[in-house]
Amino acid sequence: MVIVKRKTLTLAERLYLPEILRGLSITFRKMFQPKVTRQYPEEPLPTNEVTRGQPRLRELTEGHLACVSCGLCEAACPAYAITIDGQETDRFIEREPERFEIDMLRCILCGFCEEACPKEAIFMSTELELAGFTRESFKYGIDKLKRSTEELAPRMEYIKRINERW
Amino acid sequence: MNDFLIILIKTCVIYGCLIGAAALMTLAERKFSAWMQLRYGPNRVGPWGLLQPLADGVKFIFKEELCPDGANPWIFRLAPILSAVPAMLTVAVIPFAGDVNLFGVDCGNLSITDLDIGVLFLVAIGGLSVYGVILGGWASNSKYSLLGGLRASAQMISYELSLILIILCVVAMTGSLDLRAITEAQNTGNPLSWNVFSQPLAFVIFVIATFAETNRHPFDFAECEPELVAGFHTEYSSMKFALFFLGEYCAMIVMACLTTTLFLGGYSVPFWEDAPWFVELGSFCAKAGFFAFLFIWVRWTLPRFRFDQLMHLGWKVFLPLALANLLVTGAVISLA
């Protein structure tokens, strides 16, 4: 059997007041310490290339996507969030999407589309905020998904580095 | 006619300030609690969140009024009023400053009235606020409310006893029940003549008893969130709930003012006996403000007592100490 010996309190401790004053001094000092709250909308969350935000399409040349509408991301998508209609083009890559739509309400940000893509055309961006008033407004088309190569460059580099390991 | 007008204006100003201070107190409570927990507190509504009480008030007005099944509707409605009105009434006898001379008009002393029996009035009306709590708890037809109300009334009555005994010590020293006379007796220009230095034990007991009397931490057995949901106001919503809070914060402010008046020389300014009224008012506000801050400060420092510990402290520690203090005070006065 374990016998726990209770600490006998000194008179000062039994009077409470000195200990209460000690506690009050602690809380008073805390008032002047720097705050830890993040003021969210003004002070956004820190992101880097590892952040797996919403998927975005890379722009290869001015106004044209790198996507060749092969449909691999559409097939890889576990949430059936991606819909692609392809069409022919006179450009060197020969095919491009006529319609590339991601339903952001279905998207689970898993990053499978990015892994499946053979053309470095779709990447998970650092964009995390998603808000709208209607369901339709969450169906992002090419106009909303298009991002320049520079914007997606850190993520591209990161993905390349990851892929080189295999 | 002129006198009547002056009294009317004084009443409006003092009550406006009291309600405004109570509203600010709710903001201060949230702000200070946030700062003590390394947060910012409300800072979105207006500059530094100063309009937050206004936003809260508007929210309360638009909330749905609920009356639980089986509750006694009239007593249920009466309780918040009984809790808020006595707390606001007591401010009438608090002397905030000396003679006010505004734009060449002599407005008399800065208090709504200087009752000869101010202390008695304050204690009597303040004691009525127990009814708000216990009727609210009983009329709600909810076991949590009932328990909260019962505990709160037991607590308030037992601490009122020591509170009044301590006030008696001060009254015995001054020989008057008039709060202004008590203040003037301490207003000698020397801070050492404040009652806090002649009655240090009484001061400590009084401050702690005011915490119990206003149902504040560490003695907030009326609410007791983890045990009783919200205690006596569990079933209340909308403006009825807001009235309970208004009453609580008004009671806190009045108690802070009373502590200042009884022990810290009220509006007396250290080393300046005949200060102009606005300096006196500033001195009063600074002292009362400190005690108001103390209410918040203690709340966010100490955990809640157990109910039996509270009763033990009230009946077995404070009551004998207060009685002994009164005895010694009386003996010293009659011997001197």
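Just so it is clear, the structure is predicted and the values come from calculations on it, not from any experiment. Residue numbers begin at 1 in each chain, while the letters A, B, ... track the order of the sequences. Keep in mind that the numbers below use all heavy atoms, side chains included, and drop hydrogens, waters and symmetry copies.
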So for [X], is it side chain, backbone, both, or neither that comes closer than 4.5 Å to the heavy atoms of chain B?
X	value
A:Phe28	both
A:Leu17	side chain
A:Glu19	neither

From CA spacing to verdict: side-chain contact (heavy atoms from CB on, under 4.5 Å), B:Arg44, A:Gln39: CA-CA 10 Å; B:Arg44 296 287 147 152; A:Gln39 296 287 320; 2.5 Å; yes
So for atom [atom1], which belongs to [X], do other residues, nucleotides or ligands contribute more than 12 heavy atoms lying within a distance under 6.0 Å?
X	atom1	result
A:Glu62	CD	no
A:Gln87	CD	yes
A:Lys119	NZ	no
A:Glu43	CD	yes
B:Tyr40	OH	yes

A:Phe32 CZ to B:Met36 CE distance, which is reported to the nearest 0.5 Å: 8.5 Å
Rounded distance [0.5 Å steps], CD in B:Gln37 versus OG1 in A:Thr27: 10.5 Å
Heavy-atom closest contact (B:Arg39 atom, A:Lys35 atom, distance): O-CD, 2.9 Å
side-chain contact (heavy atoms from CB on, under 4.5 Å) between B:Trp35 and A:Lys30, worked out: CA-CA 7 Å; B:Trp35 291 345; A:Lys30 286 281 168 195; over 6 Å; no
Any side-chain heavy-atom pair of A:Leu24 and B:Val298 under 4.5 Å: yes
Sub-4.5 Å side-chain heavy-atom contact between B:Leu302 and A:Ile20: yes
Side chain, backbone, both or neither of B:Trp300 within contact of chain A (heavy atoms, under 4.5 Å): backbone
